[in-house]
There are 4 protein chains.
Amino acid sequence: MSERQDLAELSARAHAALSRTGPPTLSNLRRALADAGLALEDDPRLRPMLKRARGVEPDATLDAATLGQLCDDALGLIQRALDHELIIPDFVRFREQLERLFERASVERGGTVADYIPQLGRVDPEQFGVAICTVDGQRASFGDARTDFCVQSCCKPINYCMALEEHGEQKVHSHVGREPSGRGFNELAFNALNQPHNPLINAGAIACCALIGAGMEPADRFDLVMRRWRELSGGAKPGFSNATYLSERATADRNFALGYLMRERGVFPPDTDLIETLEFYFQCCSIEQSAERMAVVASTLARGGICPLDPHQSIFKPRTVRNCLSLMHSCGMYDFSGEFAFSIGLPAKSGVAGALLIVVPNVMGLCTWSPRLDDLGNSVRGVAFCKALVETFNFHPYDSLTGLPAKNDPRRPHSSSAPTRHLS
Amino acid sequence: MSERQDLAELSARAHAALSRTGPPTLSNLRRALADAGLALEDDPRLRPMLKRARGVEPDATLDAATLGQLCDDALGLIQRALDHELIIPDFVRFREQLERLFERASVERGGTVADYIPQLGRVDPEQFGVAICTVDGQRASFGDARTDFCVQSCCKPINYCMALEEHGEQKVHSHVGREPSGRGFNELAFNALNQPHNPLINAGAIACCALIGAGMEPADRFDLVMRRWRELSGGAKPGFSNATYLSERATADRNFALGYLMRERGVFPPDTDLIETLEFYFQCCSIEQSAERMAVVASTLARGGICPLDPHQSIFKPRTVRNCLSLMHSCGMYDFSGEFAFSIGLPAKSGVAGALLIVVPNVMGLCTWSPRLDDLGNSVRGVAFCKALVETFNFHPYDSLTGLPAKNDPRRPHSSSAPTRHLS
Amino acid sequence: MSERQDLAELSARAHAALSRTGPPTLSNLRRALADAGLALEDDPRLRPMLKRARGVEPDATLDAATLGQLCDDALGLIQRALDHELIIPDFVRFREQLERLFERASVERGGTVADYIPQLGRVDPEQFGVAICTVDGQRASFGDARTDFCVQSCCKPINYCMALEEHGEQKVHSHVGREPSGRGFNELAFNALNQPHNPLINAGAIACCALIGAGMEPADRFDLVMRRWRELSGGAKPGFSNATYLSERATADRNFALGYLMRERGVFPPDTDLIETLEFYFQCCSIEQSAERMAVVASTLARGGICPLDPHQSIFKPRTVRNCLSLMHSCGMYDFSGEFAFSIGLPAKSGVAGALLIVVPNVMGLCTWSPRLDDLGNSVRGVAFCKALVETFNFHPYDSLTGLPAKNDPRRPHSSSAPTRHLS
Amino acid sequence: MSERQDLAELSARAHAALSRTGPPTLSNLRRALADAGLALEDDPRLRPMLKRARGVEPDATLDAATLGQLCDDALGLIQRALDHELIIPDFVRFREQLERLFERASVERGGTVADYIPQLGRVDPEQFGVAICTVDGQRASFGDARTDFCVQSCCKPINYCMALEEHGEQKVHSHVGREPSGRGFNELAFNALNQPHNPLINAGAIACCALIGAGMEPADRFDLVMRRWRELSGGAKPGFSNATYLSERATADRNFALGYLMRERGVFPPDTDLIETLEFYFQCCSIEQSAERMAVVASTLARGGICPLDPHQSIFKPRTVRNCLSLMHSCGMYDFSGEFAFSIGLPAKSGVAGALLIVVPNVMGLCTWSPRLDDLGNSVRGVAFCKALVETFNFHPYDSLTGLPAKNDPRRPHSSSAPTRHLS
């Protein structure tokens with residue numbers, strides 16, 4: 001009863017909000033939801049509603065009860081979208097602002113494409129895509145956001161989370177440290193405990209690979225990883241570049257050296273098959289994603305392990321995600337990590353194919369992709385986009401301390417971390 | 001007119017709130033404000049009100065207008081305090097929780113007192129004080145929170161802020177870097193640009209000292225620093241330990257070595273007097289504070305450069321504080337910085353006399369003081385208190401991603417950075 | 001004619017010298033040669049003479065002509081031995097002195113047997129053998145000097161010489177450096193040119209292995225190495241421990257890591273098969289020698305590449321040996337190399353099975369073998385023996401500067417490097 | 001009696017030798033001694049003879065007895081000189097060979113003059129002088145061999161010897177190590193015992209300075225050093241550049257830093273005055289010598305601590321000199337030390353003013369001086385001269401192993417370290 005009353009009230013509120021945008025019709029509803037950033041054709045939460053709407057006349061006036069039945073499970077989401085109560089209330093303006101940032105970053109022409117394997121070197125260096133997904137599943141994308149690329153090092157935070165979920169923090173960090181190394185990503189140094197410094201450098205990532213799917217056959221381990229990526233992406237299936245995998249494996253002197261050094265130091269669990277582990281690592285690096293799907297993955301981290309497009313399921317525990325974001329904050333950008341933490345302040349992870357995964361906690365996930373890399377291995381346009389983003393919005397964690405309106409805050413007011421300013 | 005109406009309305013709200021706690025008397029007002037965490041005798045914002053209250057009968061019933069006249073400038077603050085609208089609405093409970101954390105940390109008996117100069121070694125190792133001050137100026141303290149100690153390395157973030165305010169970010173960072181060093185605090189290493197790695201290691205702190213009060217006489221430079229500490233503390237004057245200063249200067253082989261190496265590398269501005277700069281640095285380290293005053297300093301950083309006890313004045317610019325907090329987050333805890341950032345996640349700075357300055361952005365500043373240090377030079381009880389704090393409250397920056405009530409959130413609901421959880 | 005006269009004169013001198021020792025008989029000749037340090041049954045130079053002597057009555061008096069015919073090719077050597085003109089004129093006394101040094105070193109009980117592979121750990125730690133061979137082929141041995149052990153790192157100088165002979169100095173040192181590394185023997189560091197620091201650390205030794213027998217089948221390469229060892233030992237065949245080889249290969253994480261790092265840096269010639277090269281290196285380490293045979297190898301180096309037992313053939317060029325001794329002098333004793341060069345000053349190479357190869361240029365070669373190793377991997381008794389040796393004899397290169405008789409000089413006077421002291 | 005007979009015999013031999021060169025006259029004697037390399041006007045050993053010869057008619061025939069009386073104390077030296085029994089028997093030819101090497105090295109135009117202080121930068125870069133002095137006091141010089149220059153780092157081996165003589169090996173090496181550092185000369189690194197690596201890098205040289213003249217007043221300490229240099233030079237007084245000293249002291253940031261670091265590590269003896277020690281070090285570096293006088297210093301080391309021009313006095317003990325030469329061999333040429341040891345193999349020490357001190361043990365001392373330095377701080381022409389020297393003569397310690405006449409051996413046959421080659 002009470003629930004029925006709630007639904008009636010929710011229907012009434014949604015209907016009222018819709019009516020404020022024009023006649024309460026299906027076509028108006030579609031337009032209003034798109035304006036709010038919801039991707040109608042590509043959002044699992046809205047799929048049942050769209051199915052039910054097939055027989056509905058687009059321009060027929062809907063009453064509150066009909067609207068409620070049409071929306072059903074999605075009614076809460078739709079009401080909040082219509083009432084501008086999603087995390088980014090004015091998404092139309094936000095999308096325009098992002099588009100200008102995208103255009104600003106597009107003019108960057110510096111950097112070169114990674115070419116240590118031919119598969120990376122052959123890509124068109126001018127490609128550039130950006131996509132975002134908020135913690136409420138609002139989405140926008142620009143440029144080549146649907147082109148697939150290899151995730152490369154962007155697989156490292158995901159593998160770290162999987163290892164944490166399977167073994168717990170204590171066990172994982174008995175094999176790999178959790179501090180910046182002060183060294184390059186493929187450095188031969190180990191920490192004082194003879195461990196790799198953290199899971200986001202090659203050695204640490206290889207150690208995590210040795211922990212995932214313990215006791216499974218190689219095919220099953222990789223299958224497990226692919227399933228997890230699919231869930232993180234809201235159900236969209238990732239690709240795989242076998243050519244990249246074969247090339248990586250063939251040119252991996254440094255990674256083989258790291259593997260042998262780690263075995264010598266006893267980094268791996270007993271009974272680890274070193275060659276199998278390295279091959280598994282190369283396979284994870286060869287997973288293919290688009291910027292759009294990666295933005296959803298990033299938003300899952302921004303929301304503490306729950307995918308905004310499938311919010312009924314917790315993929316990673318909040319503690320797992322907290323640990324992952326902490327390390328992305330301090331160690332995610334190779335040798336640029338310290339500078340990135342200082343000036344951008346957001347957890348991020350870059351990959352050598354040009355991807356950059358960025359998390360704005362409690363707000364959204366982003367992915368930029370552009371193959372030109374700077375000397376430290378980070379995407380030139382990706383870093384430029386992040387700088388412009390933080391110049392425009394108060395997304396740096398220490399940006400909004402006093403609530404003085406120095407920068408744009410696109411968030412719903414009461415979700416802001418800034419207290420209102422009181423002068424007494 | 002409109003203003004007078006506002007005052008009348010505010011008086012009415014305050015009167016109503018006070019009446020809910022019992023008869024609306026002065027003595028009830030005092031008790032209620034104390035319960036809200038306001039330190040009546042020691043809060044510059046309430047001083048005029050207390051002066052006016054001298055002639056008022058404690059148990060006489062006050063009407064709204066009289067209450068309004070009594071409070072005058074502080075009326076807004078008092079209304080919010082009575083209405084539980086300060087950043088920590090239930091301060092009584094919060095204080096109790098903190099007290100239990102204080103007691104938990106008190107049992108730690110490990111570590112040893114620094115003894116590289118006799119002045120440090122002579123201190124009673126059992127002393128332990130904790131104080132907090134919220135961004136609304138709510139305060140609590142436990143143990144030896146009024147005992148003075150030398151700030152030592154806790155002067156580094158303040159000096160960095162002063163250098164930034166005087167010269168701007170670009171100039172300051174042409175002399176000192178802004179990344180973790182991966183080394184000890186007094187390490188001889190420099191970054192790739194031949195700069196000290198950051199302003200929170202000795203070399204970088206000395207570089208900052210060379211920038212403060214350019215062109216001033218030594219006495220005036222030090223006076224400038226003391227004035228800034230006083231403002232940061234809400235008007236309370238800091239002390240100075242001349243014995244510590246003389247001892248530091250006499251045993252400073254490493255710092256002299258650092259100074260000469262820096263001069264060789266051209267770290268200093270031209271015309272820097274090296275010996276004078278080093279002496280200035282030792283003087284800054286010998287400033288004395290209590291945990292109570294330091295908590296106010298920390299709260300000023302938590303509020304973006306505005307002291308909660310004197311909110312009409314901006315001491316440091318928000319951007320200055322942002323930069324300072326970023327470096328405290330990544331580099332403030334000597335060799336433990338990476339681990340602290342991972343597990344605690346709060347900007348902090350430790351000093352060798354046992355102080356620990358911690359900032360919970362937008363919430364509060366803390367200071368713990370306990371002379372027993374671990375091997376890395378951090379206060380054993382201070383670190384234990386921080387761990388307990390973050391286990392109890394969702395103060396880790398990535399703690400409250402999904403709004404699941406996993407931990408206590410003591411903050412006023414709409415100031416939380418956690419979105420409410422929406423399951424649709 | 002002239003030659004016949006020479007032989008007659010030589011026969012006369014030999015006969016005279018023999019007569020001074022007693023009746024000029026075969027048995028007296030045998031005794032006199034043994035006193036001079038010549039190993040009758042085991043010296044290829046004397047084998048034809050011994051064959052001819054089979055029919056000779058031991059105590060029959062020999063005239064000069066008969067003695068000359070008996071000795072034939074060896075007449076020059078025998079004359080010099082009888083006339084005390086070999087490099088160590090008084091070999092009886094020298095052998096006694098060495099025996100006392102051997103006994104002094106025997107009391108050392110420190111150190112532990114290497115046990116990173118079981119084959120090394122199983123050896124009796126109390127074994128101790130010392131052997132010497134002068135540049136004139138005079139020989140003495142003490143203790144377990146005929147027990148076989150694996151040469152391990154003692155193969156490195158020989159492999160370096162072989163690489164030099166095959167490719168020349170310029171080519172070899174385009175792959176490997178020639179300076180002390182300041183690091184441990186299996187260190188991962190490389191020099192400024194991205195080469196291993198020198199051929200006597202693991203990485204450099206592996207690089208040399210890649211250069212030996214270029215283009216040959218694995219079996220032929222190893223056969224080549226074995227032939228060279230045989231020549232260096234005066235014709236005695238070395239052994240091979242297949243168990244050690246298999247164990248080395250199975251536990252060689254560090255060496256595999258080094259190999260991959262070197263391939264990454266382009267240390268190897270093109271078309272090098274990495275795994276094959278590493279296996280070849282492990283095989284070289286598993287060659288077995290006795291202290292007696294190793295002393296002959298060392299004496300070949302002491303004589304600039306000519307084996308004293310087969311002086312008609314130059315095995316290595318003088319320049320090759322000069323380079324090898326220079327590196328043994330500065331880099332042959334792992335982390336103890338600098339200290340050894342300072343206090344002993346002789347080219348040496350130690351191996352982890354307990355062998356120590358020492359060269360006294362122009363005087364003799366030595367080998368000590370004792371499995372107990374110090375922390376730096378050098379044989380405890382071997383180092384003790386070297387110290388005693390240099391305390392007793394003026395073998396340090398800067399020992400005999402003024403010709404003051406501060407120490408024993410066992411050498412033939414006019415072969416000494418010390419000028420006679422002139423006081424005007 | 002027996003002595004008188006000896007003198008008579010010696011006089012007879014000298015007279016016979018002189019007569020073989022022409023009529024036995026004083027003028028012939030002068031010419032013959034000059035041909036043998038003895039510097040008549042500048043050799044303390046010949047001074048009494050020259051004094052007695054003042055009244056002698058140059059072309060009058062001398063009989064043996066008169067010759068003996070004339071020579072008196074120097075008779076032994078003169079007989080050996082006339083009989084070609086000095087260490088370099090054919091000195092005329094040797095001088096010609098050296099002159100060609102000098103001319104070869106003169107064509108080098110590379111390198112630049114050190115200019116970290118103006119006094120060094122002002123010197124004419126084209127100057128080049130070479131001088132030698134054999135262990136028998138035979139001398140030759142070429143080019144600017146009489147121009148004074150500051151010894152700079154060439155003071156380090158002498159200071160090390162003085163510290164050894166005053167305190168003994170054990171004490172000195174409780175303050176400073178004795179191995180190559182693998183680092184630059186002014187490096188901040190210390191060895192595992194927290195000592196400077198060796199006495200020939202700046203830190204170690206400063207440590208030695210703290211040990212010399214313990215308890216003396218500054219003026220007396222410096223006087224002591226000057227006296228020792230005078231003795232080492234055969235009685236010639238060294239100069240001092242006060243301008244260089246003042247400049248060195250004023251620009252010595254690195255050395256001050258080293259000094260403070262060393263004090264921090266407890267390198268110095270208790271009661272060391274750091275500033276005084278550093279000033280003493282700068283003074284030692286500012287001593288002035290010419291190539292001619294430095295060659296005599298080097299020859300004193302080549303002869304184990306006895307100056308060839310004053311052979312009745314031992315300035316340093318043989319053991320002291322042995323230690324010094326060992327360290328010059330491994331550490332004397334800054335970062336080029338390893339390569340120099342490999343390819344030249346002679347103990348040497350370079351200074352930043354362009355001097356290079358080289359010792360051919362038991363043969364001679366050399367000094368080259370040319371201000372152009374290579375990137376590692378060594379004199380370009382000095383190193384070129386050394387290379388040419390070792391290409392021409394068998395002076396590399398492992399050059400003459402088999403006695404094969406691959407290179408020139410200018411030494412008196414029976415002083416050679418090479419055994420005659422025996423093919424049986």
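Not measured: the values here are computed from a predicted model. Hydrogens, waters and symmetry mates play no part in the numbers below; they use all other heavy atoms, side chains included. Each chain gets a letter, A, B and so on, in the order the sequences are listed, and its residues count up from 1.
- Within the 3.5 Å criterion, the main-chain N or O of Ser343(D) finds no donor-acceptor partner in the side chain of Arg178(C).
- Here Asp72(D) pairs with nothing under the salt bridge (charged side-chain N to carboxylate O under 4.0 Å, His left out) rule; sequence neighbours left out.
- Counting heavy atoms from C-beta on, the side chains of Glu179(C) and Phe336(D) never come closer than 4.5 Å.
- Annotation for Pro180(C) and Gly338(D): closest pair CD-CA, 4.2 Å, computed over non-hydrogen atoms.
- Using a 4.5 Å cut-off on side-chain heavy atoms (C-beta onward), His396(D) and Ser326(C) make contact.
- The shortest side-chain heavy-atom distance between Cys324(C) and Tyr398(D) does not fall under the 4.5 Å cut-off.
- Every residue two or more places apart in sequence or in another chain that forms a salt bridge (charged side-chain N to carboxylate O under 4.0 Å, His left out) with Lys317(D) is listed here: Glu165(D).
- Taking Ala341(C), Pro347(C), Ser337(C), Ser330(C) one by one and counting their heavy-atom pairs under 4.5 Å with chain D, the maximum is reached by Pro347(C).
- Residue Gln313(C) does not touch chain D at all, counting heavy-atom pairs closer than 4.5 Å.
- A distance below 6.0 Å separates the ring centres of Phe342(C) and His173(D).
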